[in-house]
> 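I am attaching a structure below and will ask some questions about it afterwards.
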Amino acid sequence: MTKTFFALSCLRNEDWGRLSPRPRYPSMLRYPKGMSAEGSSVEGSEANALFSVVGMTCSACAGSVEKAIKRLPGIREAAVDVLNNRSQVFFYPSFVNEETIRQAIEEDAGFEATLLTDETNERSVQICRIRIKGMTCTSCSSTVESALQAVQGVIKAQVALATEEAEVYYSPNIINYNQILEAIEDTGFEATLLSSGEDMSKIDLKVDGVRTDRSMRLIETSLQALPGVQSIKVYAELNKISLSYKPDMTGPRDFINVIEETRSRRFKAKIFPEEGRRDTHRSEEIKQYYISFLWSLVFTIPVFLTSMVLMYIPRTKHLLDTNVVNMLTVGEILRWVLATPVQFIIGRRFYSGSYKALRHGSANMDVLIALGTNAAYFYSVYSVLRAATSPDFKGADFFETSAMLISFILLGKYLEVLAKGKTSNAIAKLMNLTPETAILLTLDNEGNIISEQEIDSRLIQKTDVIKVIPGAKVASDGLVIWGQSHVNESMITGEARPVAKRKGDTVIGGTVNQNGVLHVKATRVGSESALSQIVRLVESAQLAKAPVQKFADRISKYFVPLVIFISVLTWLAWFLAGRFHSYPKSWIPSSMDSFELALQFGISVMVIACPCALGLATPTAVMVGTGVGASQGVLIKGGQALESAHKVDCIVFDKTGTLTIGKPVVVSTKLLTNMLLQDFYEFVAAAEVNSEHPLAKAIVEYAKKFRDEENPLWPEARDFVSITGHGVKATVRNKEIIVGNKSFLSEHNVAIPADAEDILAEAEGMAQTGIMVSINGEVTGILAVSDPLKQGAQEVISILKSMNIRSIMVTGDNWGTANSISREVGIEAVIAEAKPEQKAEQVKDLQSSGHTVAMVGDGINDSPALVAADVGMAIGAGTDIAIEAADIVLMKSNLEDVITAIDLSRKTFSRIRLNYFWALGYNLLGIPIAAGALFPSTGFRLPPWIAGAAMASSSVSVVCCSLLLKYYKRPKKLDNLEIRGIKVE
């Protein structure tokens, strides 16, 4: 968080890449009317303010906030961070103040805004993830979400039914996570904290050997003295210590050493056993439903046999029909005794769920089940009691209906939970990639190995040196300091081919070393690692609702009350029709009267309706889709991105690093004067070595070929000046050196000879960038630098055309190079010499003409356009995924993943449509059939227990339909291409 807003404060016109994670672009004047950029008095009095903006959900919201701010006079820049609900504003106090800006956000944009003071900036917004037990349908999740949104200090809350988790953005200065947990439990659901904003560098330790509070206080004091320890919480009853710390200064191994060295090694410490993990919770829930179902069978099978099977066997029928008291039979007593535990003990979860829902003014699936089973059970009790008190009453009981209903629903819930567990397999697999142990090396000052020690991988700290043997997993992100090998990164990036690693290369934790031994210096550990970031991103994506989910949320508000109304109406209609003899008596089964027939129709309607299937249609598909994407190196940041990506009909490509490899190389040199090539490059490299531009680095790298040493010392360059996007100027050995493009040399009054013009045109015609070199005012030579096209770029553009997707290239490079590249890859529309903000304006122009636009770029210079696009795709982002501005992150540098991302989104969304079609179709067809629509013409009647089984199967079928996405295969055209990433040495 601190890094993000430090980047915001360093914002400059030429560097948009550091604005993270959701940068916006400038579209209005930077200075008040009447003031120019040169107005030093205005610029000198510049101030900045940070606002918390509540209610933003997407980039469109951020855009409206930004525009509202920029309409004010005196605004130099406004950047909106939609992910963390913040806005950073740079302004001139003589023209506008913080209160005016805050009012503009509230009145013009319609969002609640609060000025954040410097003391609270760092901790103004935190995020906690909570597991919620007991939710059964979208009505439950909506109730919890509404309750959280009503809590003061909660900025944003997302509750996901499929994962049974909530993600809450809150202000720690107003509320803490314990109060959030209480708010959830007040709604009647069990809440367990999974993680909070304080967990980013937090560890729990278990201390053995502590017998007194004094010993625990001694340990706490010893730990508090360590540099980098921020806070300590002691749980004496559990012998547990929770520490928050700065990973750059200390780590878990230091804590354990301090604890164990206290009191002459009387204490032992280890990492506290992890509890409450998603897979553990899911397995417990599965076990609970399984046991409940088995117990229900113990009672329900005898009920079923006595009412439907044994009645057709003469001997047993005679026994069961034996009267005990008046007309009360043995069979009725047996069914009553057996059905009661099922109704009130095994089925108590439905009573509990109904009470919690009704207490908060909502109705869920539990209400329908409780009403349906109670109607059957208590009517049966009435029938039995009347038979016991009447010498001539002969009624029918429906104990089998209530017992079988509950049994089938429990079976359905068991299968549903089992299937839902499989939708989150992708996260479980990612979390299991980290090895349990690692080999820690102790080195002397000269880098020689002193000792090796096997440690728990969770104890690795920054700067530790880890030994990775062949076949072992890399324990943390790091830098190779010794050895060479090939590493299989497919589990992280999806790249099938092993990647060569040697000294100076980076490795990712969780990947597998294949042949050689590597010594790796840990650079990112714990929650900072790429693997942890991917897991967090996928978890957040699965929590984020797709806009189409709002459809189900709207229906769920009215669904249960409507079903209850239809059920009562059905019973009343059939009852009145029977009372007034509106249908023949032959329609009534021999075992019941018209009231009982009407009651069965009413119960069937109540239990066949299924709000769960509607609620699970979108989130389960999103869960599986994002998980499959992650396994293929395509990280999709939630349902919004999925829904937008399937509509894309126009893709805007950046050139450098996207269509091309992104590593320019010098391909030719033409000298126009009589001098040695080595001397020429001596001057050029001396001037360019001070520049950070990729082209400058390519030139310096090429110049090294004329020197024997690996890191040569170049002549001193004095009076160095760099003009971004144009070139550099310096004095080397008393000679004025200018290296840059044609316009840069012209600005410095350097005459461009005709020969140079021809060479330049020829280079640009070959998709090369021409760079001119002037020594003492005379053009001395021209360098041609080329950035090779990525393998398969032409085929990818061709496949996109076959998918009816238009491709456009927007680049900051010159027109000649841009046109040449576009011809080579087959892109017809080209825009060259575009600045970052112009790229974003081009995206907006396409959107205004009716296109759904995706922007594919490197996530740095292209960030304004990535945010402006309907779908931003950052290509080749690798381990920097957490701070990208894109909606979709392509882990590899392969263009083929653009097609994979769009194709996966289309498949996922078609599955969502299929789920909704089934869920709605099931209810629209099932309810009329259960109400007896077919009974007059065909005599077909749906008994309540079959209706309950159908209801249970509908949820399972929707989840299973989503699970079929697990078998997604990318388009066969891509397999035929065999496109793979290229590494330029």
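No hydrogens, no waters, no symmetry mates; every other heavy atom, side chains included, goes into these values.
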> Could you state the interatomic distance from OG1 (Thr306) to CG (Asp397), rounded to the nearest 0.5 Å?
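Thr306 atom OG1 to Asp397 atom CG measures 8.0 Å (nearest 0.5 Å).
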> Testing the basics here: between Leu338 and Pro302, what is the closest heavy-atom pair and its distance to 0.1 Å?
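Looking at all heavy atoms of both residues, the closest pair is CD1-CB, 3.5 Å.
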> Any side-chain to backbone donor/acceptor pair from Thr322 onto His318? Under 3.5 Å, distance only.
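Present.
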> Give the minimum heavy-atom separation between Ala166 and Ile132, together with the two atoms involved.
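For Ala166 versus Ile132, the nearest heavy atoms are CB-CD1, 3.7 Å.
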> Can you find a pair of side-chain heavy atoms, one from Thr192 and one from Ile130, that are under 4.5 Å apart?
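No, their side chains stay 4.5 Å or more apart.
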> Could you go through Cys128 and Glu167, starting from their C-alpha distance and side-chain angles, then the distance that decides it, and tell me whether this counts as side chain to side chain contact (heavy atoms under 4.5 Å, CB included)?
CA-CA 6 Å; Cys128 66; Glu167 189 172 69; over 6 Å; no
> Would you say that Met327 contacts Ser390 through its side chain, given a criterion of any heavy-atom pair below 4.5 Å between the two side chains?
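Result no, sub-4.5 Å side-chain heavy-atom pair not found.
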> Ring centres under 6.0 Å, that's the criterion: do Tyr177 and Tyr170 meet it?
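No; Tyr170 has its ring centre 6.0 Å or more from that of Tyr177.
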> Does any non-hydrogen side-chain atom of Lys647 lie less than 4.5 Å from one of Val871?
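Counting from C-beta outward, Val871 and Lys647 never come under 4.5 Å.
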> Any idea which heavy atoms bring Ala370 and Ser354 closest together, and the distance?
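Nearest heavy atoms, Ala370 then Ser354: CB-OG, 3.5 Å.
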> Between the main-chain N or O of Leu942 and the side-chain N or O of Ser604, is there a donor-acceptor pair closer than 3.5 Å?
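Judged by distance alone, yes, a pair lies under 3.5 Å.
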> Is there a side chain to side chain contact (heavy atoms under 4.5 Å, CB included) between Leu320 and Glu332? Walk through the geometry before answering.
CA-CA 8 Å; Leu320 293 171; Glu332 288 173 333; over 6 Å; no
> Just wondering, do Tyr289 and Glu285 contact through their side chains at under 4.5 Å, heavy atoms?
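They are in contact (side-chain heavy atoms under 4.5 Å apart), so the answer is yes.
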> Could you measure the distance from the CD1 atom of Ile902 to the CG atom of Leu642? Nearest 0.5 Å is fine.
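Interatomic distance, Ile902 CD1 to Leu642 CG, rounded to 0.5 Å: 12.0 Å.
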> Please report the shortest heavy-atom distance between Ser644 and Asp870, naming the atom on each side.
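Distance-wise, the nearest heavy atoms are CB-O, 3.9 Å.
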> Against Ile566, only a single residue in Val563, Val568, Thr570, Ile564 fulfils side-chain contact (heavy atoms from CB on, under 4.5 Å); can you say which?
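Among Val563, Val568, Thr570, Ile564, the one meeting side-chain contact (heavy atoms from CB on, under 4.5 Å) with Ile566 is Thr570.
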> Quick one: are the ring centres of Tyr377 and Phe344 less than 6.0 Å apart?
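Yes - the distance between ring centres of Tyr377 and Phe344 falls below the 6.0 Å cut-off.
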> Drop me the distance from Asn915's CG to Thr620's OG1, to the nearest 0.5 angstrom.
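Taking CG in Asn915 and OG1 in Thr620, the distance rounds to 5.5 Å.
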> Is Tyr414 close to Val956 at the side-chain level, that is, under 4.5 Å between some pair of heavy atoms?
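Side-chain contact under 4.5 Å: no.
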> For Trp336 and Ser380: C-alpha separation, side-chain torsions, deciding distance, then whether side chain to side chain donor-acceptor pair (under 3.5 Å) applies.
CA-CA 8 Å; Trp336 187 8; Ser380 301; over 6 Å; no
> Taking all heavy atoms of Gln149 and all of Lys156, pick out the closest pair and write down the distance.
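Gln149 and Lys156 have their closest heavy atoms at OE1-CA, 4.1 Å.
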> Checking Ser296 side chain against Phe293 main chain: does a donor-acceptor pair fall under 3.5 Å?
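Answer holds: yes.
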> Within this structure, what is the CZ-CG distance for the pair Phe575 and Leu597, rounded to the nearest 0.5 Å?
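The CG atom of Leu597 is 12.0 Å from CZ of Phe575, to the nearest 0.5 Å.
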> In Å and rounded to the nearest 0.5 Å, what is the CZ to OG1 distance from Phe304 to Thr401?
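Answer rounded to 0.5 Å: 11.5 Å.
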> Less than 4.5 Å apart, any side-chain heavy atom of Leu904 and any of Ile636?
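Yes, side chains in contact.
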> With no hydrogens and no angle check, is any side-chain donor or acceptor of Glu643 less than 3.5 Å from a backbone partner on Gln640?
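Side chain of Glu643 to backbone of Gln640, a donor-acceptor pair under 3.5 Å: no, none is there.
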> When rounded to the nearest 0.5 angstrom, what distance separates OG in Ser594 from CG in Leu576?
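Answer for the OG-CG pair, Ser594 versus Leu576, is 10.0 Å.
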> Please answer whether the main-chain N or O of Glu190 pairs with a side-chain N or O of Glu185 as donor and acceptor at a distance below 3.5 Å.
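No, because the side chain of Glu185 does not come within donor-acceptor range (under 3.5 Å) of the backbone of Glu190.
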> Is there a donor-acceptor pair under 3.5 Å between the side chain of Arg911 and the backbone N or O of Cys961?
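Judged by distance alone, yes, a pair lies under 3.5 Å.
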> Apply side chain to side chain contact (heavy atoms under 4.5 Å, CB included) to the pair Leu405 and Ile369, showing each step before the final yes or no.
CA-CA 8 Å; Leu405 255 177; Ile369 295 168; over 6 Å; no
> For residues Thr908 and Tyr968, determine if any side-chain heavy atom of one lies less than 4.5 Å from a side-chain heavy atom of the other.
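Heavy-atom side-chain distance check fails, nothing below 4.5 Å.
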> Is the side chain of Glu596 donor-acceptor paired with the backbone N or O of Asp593 at a distance under 3.5 Å, no angle test?
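Between the backbone of Asp593 and the side chain of Glu596 there is a qualifying donor-acceptor contact (under 3.5 Å).
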> Should the pair Trp574 and Phe601 be assigned to parallel (<30°), tilted (30 to 60°) or perpendicular (>60°) ring geometry?
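Parallel: the ring planes of Trp574 and Phe601 meet at under 30°.
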> Looking at Phe378, I'd like to know if its CZ atom is crowded, meaning that more than 12 non-hydrogen atoms belonging to other residues, nucleotides or ligands lie closer than 6.0 Å.
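Yes, enclosed.
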> Apply side chain to side chain donor-acceptor pair (under 3.5 Å) to Tyr351 and Asp366, showing your working.
CA-CA 7 Å; Tyr351 287 100; Asp366 290 335; over 6 Å; no
> Answer yes or no for Arg335 and Phe398: cation-pi contact, defined as NZ/CZ to six-membered ring centre under 6.0 Å and angle to ring axis within 45°.
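Judged by the rule (NZ or CZ under 6.0 Å from the ring centre, within 45° of its axis), Arg335 is not positioned above Phe398.
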> Whether the side chain of Tyr922 engages the backbone of Ile608 through a donor-acceptor N/O pair (distance < 3.5 Å, no angle test) should be reported.
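Yes; at least one donor-acceptor contact below 3.5 Å.
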> Is the centre of the Phe595 ring less than 6.0 Å from the centre of the Tyr379 ring?
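Between Tyr379 and Phe595, which both carry aromatic rings, the centre distance is below 6.0 Å.
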> Does some side-chain heavy atom of Thr300 sit less than 4.5 Å from a side-chain heavy atom of Glu400?
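No, too far: nothing below the 4.5 Å cut-off.
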> Can you give me the closest heavy-atom contact between Leu181 and Ala191, atom names plus distance?
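Between these two residues, the closest heavy atoms are CD2-CB, 3.8 Å.
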> List the steps, then state whether side chain to side chain contact (heavy atoms under 4.5 Å, CB included) holds for Leu294 with Val298.
CA-CA 6 Å; Leu294 288 182; Val298 169; 5.8 Å; no
> Look at the side chain of Arg348 and the backbone N and O of Ile345, then say whether any donor-acceptor pair between them is shorter than 3.5 Å.
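Present.
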> The test is salt bridge (Lys or Arg N to Asp or Glu O under 4.0 Å); show your working for Glu164 and Lys133 and say whether it passes.
CA-CA 7 Å; Glu164 295 182 329; Lys133 291 178 70 176; over 6 Å; no
> Take a 6.0 Å sphere around CH2 of Trp587 and say whether it holds more than 12 heavy atoms from other residues, nucleotides or ligands.
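Check passes, neighbour count above 12.
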